[in-house]
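Read the structure below first, then the notes.
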2 protein chains.
Amino acid sequence: MQPADTPHDLRTTPSWLLTQTATHASRIVSTALGTRHARGYHYRLLATLAETGPASQADLSRHSGIDRSDIVATINDLADRDLVHRQPDPNDRRRNIIHITPAGRRELTHLQHALDTAQDTLLAPLDPTDRHELVRLLRRLLTHHEPRD
Amino acid sequence: MQPADTPHDLRTTPSWLLTQTATHASRIVSTALGTRHARGYHYRLLATLAETGPASQADLSRHSGIDRSDIVATINDLADRDLVHRQPDPNDRRRNIIHITPAGRRELTHLQHALDTAQDTLLAPLDPTDRHELVRLLRRLLTHHEPRD
DNA sequence: GGTGTTACGTTGGCTCGGCCAACATTGGTC
DNA sequence: GACCAATGTTGGCCGAGCCAACGTAACACC
């Protein structure tokens, strides 16, 4: 009934450490994005869009890793706030062409700033060397488990 | 419209790397636990219980980090499978005393074995040194962001 | 010895990220 | 022209993490 410790099996299990730190990370990121009324998917889509230029929803899905069906809702949100435009592709009537608006671009940079400071809160206990080391290790894990990256 | 790459902003953002690798980690862990019809909470609760010995639900909540309300459902599941017993505490009629059964203990070791091999698939691309390094960094992050550990 | 505060178990509900199946519409191929 | 593949969309599911509320029971203080 006293101070909470997690079982020591868990405390050194990599998968546990990963999912727990990830929970803290998303909490920090969520509140950062929340100050601008955005969620993870909103940022991811805007960022993808800024990089690829105008694209169809299916393409955005592939590049962002967000499911086709979730893309729909995310674009709805962003379009409602005029951060993004959705227009039918005249050359392929199955597709919509999505492009980011100037307001969307401005919002993206705000979000990026918010995220930058979020990284700092997240990595506070690590010095620059350790931060790079962490990134290196995580990238290695990711490229190994990611079908394509 | 080609191979999927994530925007390069994201590919080096620690919070992104963390949440993405955590997603892969939980996928791997889920399928490992799934072979024994268990989920994360089931393992966490059994592991906590094995460590603390018989305890009330509130204590289990504190030690495992699982919310009081989720403890209820988890114990229901485990009790249905006789991996755990729930009995009223005669000394404090608000409480239930939960204890792990022999079958629960056996199941726990099965789950632990499943998880051990899951760690290997997760960490496949890292040599022992890098694995320790990763654990070290993640633990540092966790103890910093964890109210108590 | 009552009264107010705190703890416990439980119900019900919500969010977010990640998925999947199905279906109508349209495009491309044989 | 018949088949197959891709697109957008709807609706649903899951797991983990939360929170509010409520009845019951224990405890502390006066």
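Only this structure's heavy atoms are used, side chains among them; waters, hydrogens and symmetry mates stay out. A, B, ... follow the sequence lines: proteins, then strands. Residue 1 opens every chain.
Comparing atom distances between the Val72(A) side chain and each of dT9(D), dG9(C), dA16(D) picks out dT9(D) as nearest. Of the candidate nucleotides dC18(D), dA16(D), dC8(C), dC18(D) has the atom lying nearest to any side-chain atom of Arg27(A). The listed nucleotides are dT11(C), dG17(D), dC19(C); the one nearest the side chain of Ser69(B) is dT11(C). Side-chain proximity of Arg94(A) to dG15(D), dT26(C), dG18(C): nearest is dT26(C).
Grouping the Ile, Leu, Val, Met, Phe, Trp and Tyr side chains by contacts below 4.5 angstrom, directly or via other members, places Val135(A) with Leu122(A). Hydrophobic clustering (ILVMFWY, side-chain heavy atoms < 4.5 Å, transitive): Ile100(B) and Val72(B) are in distinct clusters.
A donor and an acceptor atom sit less than 3.5 Å apart, one in the side chain of Arg68(B) and one in the base of dG9(C).
Taking 4.0 angstrom as the limit, Arg95(A) places a side-chain polar atom (N or O) nearer than this to OP1 or OP2 of dT7(D). When the side-chain nitrogen and oxygen atoms of Asn96(B) are compared with OP1 and OP2 of dT10(C), one or more of them lie within a distance under 4.0 Å. Remark: Arg62(B) is not in phosphate contact with dA7(C), judged by side-chain N or O atoms under 4.0 Å from OP1 or OP2. Close to dG17(C), at under 4.0 Å from its OP1 or OP2, lies no side-chain N or O of Gln20(B). When the side-chain nitrogen and oxygen atoms of Gln57(B) are compared with OP1 and OP2 of dA7(C), none of them lie within a distance under 4.0 Å.
In this structure, His24(B) and Glu146(A) approach most closely via the heavy-atom pair NE2-OE1, 2.5 Å.
When the P atom of dG9(C) is taken as reference, atom CD of Gln87(B) falls 13 Å away, rounded to whole Å. Spacing between atom CZ of Arg44(B) and atom P of dG15(D) amounts to 14 Å, rounded to whole angstrom units. For the pair Arg93(A) CZ and dT25(C) P, the interatomic distance rounds to 11 Å; values are reported in whole Å. Rounded to whole Å, atom C1' of dC8(C) lies 12 Å from atom CD1 of Ile75(B). For Ile66(B) and dA16(D), the CD1 to P distance is 9 Å, given to the nearest whole Å. One interatomic measurement links the two molecules: CD1 of Ile71(B) to C1' of dC8(C), which rounds to 13 Å at whole-angstrom precision. We find that CG of Leu45(B) is positioned 12 Å from P of dA16(D), with the value rounded to whole Å. Rounding to whole angstrom units, CG of residue Asp67(B) and P of dG15(D) are separated by 17 Å.
In this structure, Thr23(A) and Asp70(A) both approach DNA chain D, and ranking their closest nucleotides by distance from the 5' end singles out Asp70(A).
Checked for salt-bridge contact, Arg131(B) and Asp120(B) meet the test: a charged N lies under 4.0 Å from a carboxylate O.
Within the 4.0 angstrom heavy-atom criterion, only backbone atoms of the sugar-phosphate kind lie near Asp92(B); the bases stay farther away. Residue Ser56(B) is in sugar-phosphate contact alone, with no base atom involved, counting any heavy-atom pair closer than 4.0 Å across all strands shown.
In this structure, the separation between NE2 on His110(A) and OG1 on Thr35(A) is 10.0 Å, given to the nearest 0.5 Å.
Put simply, the side chain of Leu134(A) does not reach to within 4.5 Å of the side chain of Leu17(B), judged on heavy atoms.
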